[in-house]
Number of protein chains: 2
Amino acid sequence: MAAQKKDAFDTEDIKLAAFAKALAHPARIAIMKKLAEQNVCICGEIVDVIPLAQATVSQHLKELKNAGLIQGTIEGVTSCYCINTKAVEGFDKLLTKLFKKLDKCC
Amino acid sequence: MAAQKKDAFDTEDIKLAAFAKALAHPARIAIMKKLAEQNVCICGEIVDVIPLAQATVSQHLKELKNAGLIQGTIEGVTSCYCINTKAVEGFDKLLTKLFKKLDKCC
DNA sequence: ATTGTATATCGTAAATATACGATATATTAA
DNA sequence: TTAATATATCGTATATTTACGATATACAAT
């Protein structure tokens, strides 16, 4: 029985694609790196490092947050972001699984 | 000396984002998986497995090709695609580097 | 109370992505 | 040669993304 045309995508593929989409912009990669470097959650120094307007950076932060890759909490007048390790691990897991498949091939 | 605002993104971040973008759609994840499963390069059976019109699948294939993740060659009336292992390895390398950073944090 | 600062959100313009039917192209089969 | 088949490309509609300035919000400092 060969693989048949389905009427929808696998949930796993959708999840992985969503994670990939979250990283599909250099600004968001740079944000993740910055958050990792800082080790502890940092706030809007991110804006100072990303070559985009404050509003745009805020938008990118929101997208990473929506994807679950980062968390944000308000601390007084500032906003603190940090990496959501759990989610990143989930992402890593899905990717490793994919790459393992890819390695077996060709 | 703190990190300063740059006028552009890191080349590496741009590269990684482009790879991520290539996988930022469930159809393209599914295509990669299918190509990996088939082990050898396969042709348009992909169309039979992806829940999208032939033209749309062709478009997604083109994007994966443009990103360098797959290669395509014409074999008579059919078209054969296969995974570009070199590129996938490059992607994996960049990602591993990123995730290593992320793991150190929080 | 007023001012300043950090950040999010709004409104919006422009670019890109997604999807599909229709069509073009190229090869094989009859 | 003609017909059938596989696939790419075109044209196009719609949705989403990206970016920015302007504005709102909310706290801190004066």
Side-chain angles (χ1 to χ4, degrees), chain A residues 2-3 5-9 13-14 16-32 34-35 38 41-67 69-82, chain B residues 2-3 5-9 13-14 16-32 34-35 38 41-67 69-82:
Chain A
K5 188 132 190 161
K6 296 175 187 168
D7 60 347
F9 295 110
D13 294 352
I14 293 172
L16 185 44
F19 277 133
K21 195 174 204 169
L23 294 187
H25 193 289
R28 296 197 289 271
I29 299 276
I31 289 171
M32 292 300 278
K34 178 73 178 169
L35 283 176
Q38 220 73 2
C41 320
I42 62 146
C43 321
E45 298 123 298
I46 298 169
V47 173
D48 293 338
V49 194
I50 307 292
L52 294 173
Q54 178 265 321
T56 311
V57 173
S58 189
Q59 214 170 269
H60 283 300
L61 283 166
K62 198 176 179 184
E63 273 176 75
L64 285 170
K65 205 172 157 190
N66 286 342
L69 290 176
I70 66 173
Q71 285 170 309
T73 48
I74 296 167
E75 302 243 332
V77 76
T78 66
S79 223
C80 265
Y81 288 97
C82 69
Chain B
K5 188 130 189 163
K6 297 177 188 166
D7 59 348
F9 295 110
D13 294 353
I14 293 172
L16 185 45
F19 277 134
K21 194 174 206 169
L23 295 187
H25 193 289
R28 297 196 290 269
I29 299 275
I31 290 171
M32 292 299 277
K34 178 73 178 170
L35 283 176
Q38 221 72 4
C41 319
I42 63 147
C43 321
E45 298 124 297
I46 298 169
V47 172
D48 293 338
V49 194
I50 307 292
L52 293 173
Q54 178 264 322
T56 311
V57 173
S58 190
Q59 214 170 269
H60 283 301
L61 284 167
K62 199 178 178 183
E63 273 176 74
L64 285 171
K65 206 172 155 188
N66 285 342
L69 289 176
I70 67 173
Q71 286 171 307
T73 47
I74 296 167
E75 302 243 331
V77 77
T78 67
S79 224
C80 264
Y81 287 97
C82 69

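Chain naming here is simple, since letters A, B, ... match the order of the sequence lines and numbering starts at 1 in each.
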Engineer: Hey, can you pull the donor-acceptor pairs under 3.5 Å for the side chains in residues 16-30 of chain A, sequence neighbours left out?
Structural biologist:
from, atom 1, to, atom 2, distance (Å)
A:H25, ND1, A:A27, N, 3.0
A:R28, NE, A:A22, O, 2.7
A:R28, NH1, A:H60, ND1, 2.9
A:R28, NH1, A:E63, OE1, 3.2
A:R28, NH2, A:K21, O, 3.1

Engineer: Determine the contact category for A:S58: base if any of its heavy atoms lies under 4.0 Å from a base atom, sugar-phosphate if only primed atoms, P, OP1 or OP2 are that close, otherwise nothing.
Structural biologist: base

Engineer: First locate atom OG of A:S58, then atom CG of A:L52, and finally report the distance between them rounded to the nearest 0.5 Å.
Structural biologist: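 The distance works out to 12.0 Å.
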
Engineer: Within the 4.0 Å heavy-atom criterion, would you say B:T78 contacts the bases, only the backbone, or no part of the nucleic acid?
Structural biologist: sugar-phosphate

Engineer: Closest nucleotide of DNA chain D for B:K65 versus for A:I74: which of these residues is on the 5' side?
Structural biologist: B:K65

Engineer: Drop me the distance from A:L64's CG to A:Q71's CD, to the nearest 0.5 angstrom.
Structural biologist: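 Separation between the atoms: 12.5 Å.
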
Engineer: Which residues pass the side-chain contact (heavy atoms from CB on, under 4.5 Å) test with B:Q59, sequence neighbours left out?
Structural biologist: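 Applying side-chain contact (heavy atoms from CB on, under 4.5 Å) to B:Q59 gives none.
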
Engineer: Could you write out each protein N or O paired with an N or O of nucleotides 14-20 of chain C at a distance under 3.5 Å?
Structural biologist:
from, atom 1, to, atom 2, distance (Å)
C:dA17, OP1, B:K21, NZ, 3.2
C:dT18, OP2, B:R28, NH1, 3.0
C:dT18, OP2, B:E63, OE1, 3.4
C:dA19, OP1, B:H25, NE2, 3.3
C:dA19, OP2, B:H25, NE2, 3.1
C:dA19, OP2, B:H60, NE2, 2.7
C:dA19, N7, B:Q59, NE2, 3.2
C:dC20, OP2, B:A53, N, 3.0
C:dC20, OP2, B:T56, OG1, 3.2
C:dC20, N4, B:Q59, OE1, 3.4

Engineer: Taking heavy atoms of chain B and a 4.0 Å limit, find me the 5'-most and 3'-most nucleotide of DNA chain D within that range.
Structural biologist: D:dT5 to D:dT9

Engineer: Testing the basics here: between B:I46 and B:K34, what is the closest heavy-atom pair and its distance to 0.1 Å?
Structural biologist: CG1-CG, 4.3 Å

Engineer: Taking all non-hydrogen atoms of both residues into account, name the closest pair between B:I70 and B:L61 and its distance.
Structural biologist: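 So the minimum-distance heavy-atom pair works out to CD1-O, 3.6 Å.
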
Engineer: Please identify each residue that fulfils side-chain contact (heavy atoms from CB on, under 4.5 Å) with A:S79, with sequence neighbours left out.
Structural biologist: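 If we apply the side-chain contact (heavy atoms from CB on, under 4.5 Å) test to A:S79, skipping adjacent residues, the hits are A:I74, A:Y81.
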
Engineer: From A:T78 OG1 over to A:E45 CD, what is the distance, rounded to the nearest 0.5 angstrom?
Structural biologist: 9.0 Å

